[in-house]
Amino acid sequence: MPKRLPWVVPEYCEGCTSCVGACPKGILDMRESAEETPIPWLDDPSGCTGCGRCEESCPFGGIAMTAHVEEATQRFADRRPLRKESVGVR
Ligand code: SF4
Ligand code: SF4
C-alpha cells in the first residue's frame, strides 16, 4: 500500500473527470454517488502509488490526499458514499 491515498470529497466534486485522466496508473473510475454528479473512485487502492496527481489536477478540491491509508482503504472497500446500485459510468 502507498503511504497516502486519495480521499474523495463528494460535496466538492463537480464530476469533471480531470482526476481520472491525470492518474498515471489509470485506476480511477467515475461512479454514481449520492451527489448530483458522479465521483471518482478507486476499486483497487493497492494499485495506487500515492503520487497525488489526482489531487493536483482537481480545480475544485474534490480530492484530498490522506495519510490515513487504512481508513481510506476501508472506505473504498465499503463503497461509501457510493450509491448501492452504483455502476461504472466512465
Ligand atoms: S494518487 Fe496517483 S496513482 Fe493514486 S489514484 Fe491519484 S493519481 Fe492515481
Ligand atoms: S474530484 Fe475534482 S477532478 Fe475529479 S471529477 Fe471531481 S471535480 Fe473533477
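As the structure lists them, so they are numbered: ligands from 1, and atoms in each ligand from 1. Note that these values count all heavy atoms, side chains included, but never hydrogens, waters or copies made by symmetry. Worth saying up front: this structure is predicted, and the values here are computed from it rather than measured.
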Worksheet item: Can you list the atoms of ligand 1 that are under 4.0 Å from a heavy atom of Cys23?
Response: 3 (S), 5 (S), 7 (S), 8 (Fe)

Worksheet item: What is the closest protein heavy atom to atom 4 (Fe) of ligand 2, and at what distance does it sit?
Response: Cys19 SG, 2.3 Å

Item to complete: Specify side chain, backbone, both or neither for Pro40, according to which of its non-hydrogen atoms lie closer than 4.0 Å to ligand 2.
Response: side chain

Item to complete: Spell out, as yes or no, whether a donor-acceptor pair under 3.5 Å connects the side chain of Arg75 to the backbone of Val8.
Response: yes

Discussion item. Quick check against the 3.5 Å criterion: does Arg83 have a side-chain atom that pairs as donor or acceptor with the backbone of Ser33?
Written reply: yes

Practice prompt. Within a distance under 4.0 Å of any heavy atom of Cys58, pick out the atoms of ligand 2 and give their elements.
Written response: 1 (S), 2 (Fe), 3 (S), 7 (S)

Item to complete: May I ask you to check whether Cys51 brings an N, O or S atom to under 2.8 Å from atom 2 (Fe) of ligand 1?
Response: yes

Item to complete: Provide the number and element of each atom of ligand 2 under 4.0 Å from a heavy atom of Ile63.
Response: 1 (S)

Worksheet item: Between Cys58 and Glu14, is any pair of side-chain heavy atoms under 4.5 Å apart?
Response: no

Worksheet item: Which atoms of ligand 2 have any heavy atom of Met30 under 4.0 Å away?
Response: 5 (S)

Discussion item. Return the closest protein heavy atom for atom 1 (S) of ligand 1 as residue, atom name and distance.
Written reply: Gly52 N, 3.3 Å

Item to complete: May I ask you to list the atoms of ligand 2 that are less than 4.0 angstrom from any heavy atom of Phe60?
Response: 7 (S)

Discussion item. Please confirm whether Pro24 approaches ligand 1 to less than 4.0 Å, judged on its heavy atoms.
Written reply: yes

Worksheet item: Do the side chains of Leu28 and Thr17 get nearer than 4.5 Å, heavy atoms only?
Response: no

Item to complete: Please indicate whether Tyr12 has more than 12 foreign heavy atoms, meaning atoms of other residues, nucleotides or ligands, lying under 6.0 Å from its OH.
Response: no

Worksheet item: What protein heavy atom is closest to atom 8 (Fe) of ligand 2, reported as residue, atom name and distance in Å?
Response: Cys16 SG, 2.3 Å

Worksheet item: Under 4.0 Å from any heavy atom of Gly62, which atoms of ligand 2 are there?
Response: 1 (S)

Discussion item. Thr73 vs Leu42, test: side-chain contact (heavy atoms from CB on, under 4.5 Å). Steps then yes/no.
Written reply: CA-CA 9 Å; Thr73 300; Leu42 261 185; over 6 Å; no

Worksheet item: Out of curiosity, is Ala22 lining ligand 1, as in a heavy atom under 4.0 Å away?
Response: no

Worksheet entry | Whether Met65 lies under 4.0 Å from ligand 1, heavy atom | yes

Discussion item. Applying a heavy-atom cut-off of 4.0 Å, say which part of Thr17 lies close to ligand 2: side chain, backbone, both or neither.
Written reply: backbone

Response to the item:
Rounded to the nearest 0.5 angstrom, the NE2-CG distance for His68 and Leu5 is 12.0 Å

Item to complete: Report, in ascending order of atom number, the atoms of ligand 2 lying under 4.0 Å from any heavy atom of Glu14.
Response: 6 (Fe), 7 (S)

Item to complete: Look up atom OG1 in Thr37 and atom CD in Glu32, then write down how far apart they are to the nearest 0.5 Å.
Response: 9.0 Å

Practice prompt. List the steps and the verdict of side-chain contact (heavy atoms from CB on, under 4.5 Å) for Arg4 and Cys48.
Written response: CA-CA 9 Å; Arg4 52 186 201 150; Cys48 175; over 6 Å; no

Worksheet, complete the sentence: When every non-hydrogen atom of Trp41 is compared with those of Arg79, the smallest separation belongs to CZ2-CA, 3.7 Å

Worksheet, complete the sentence: Closest to atom 6 (Fe) of ligand 2 among protein heavy atoms sits Cys13 SG, 2.3 Å

Worksheet item: What protein heavy atom sits nearest atom 7 (S) of ligand 1, and how far away is it?
Response: Cys54 N, 3.4 Å

Worksheet item: Can you find a pair of side-chain heavy atoms, one from Pro6 and one from Glu55, that are under 4.5 Å apart?
Response: no

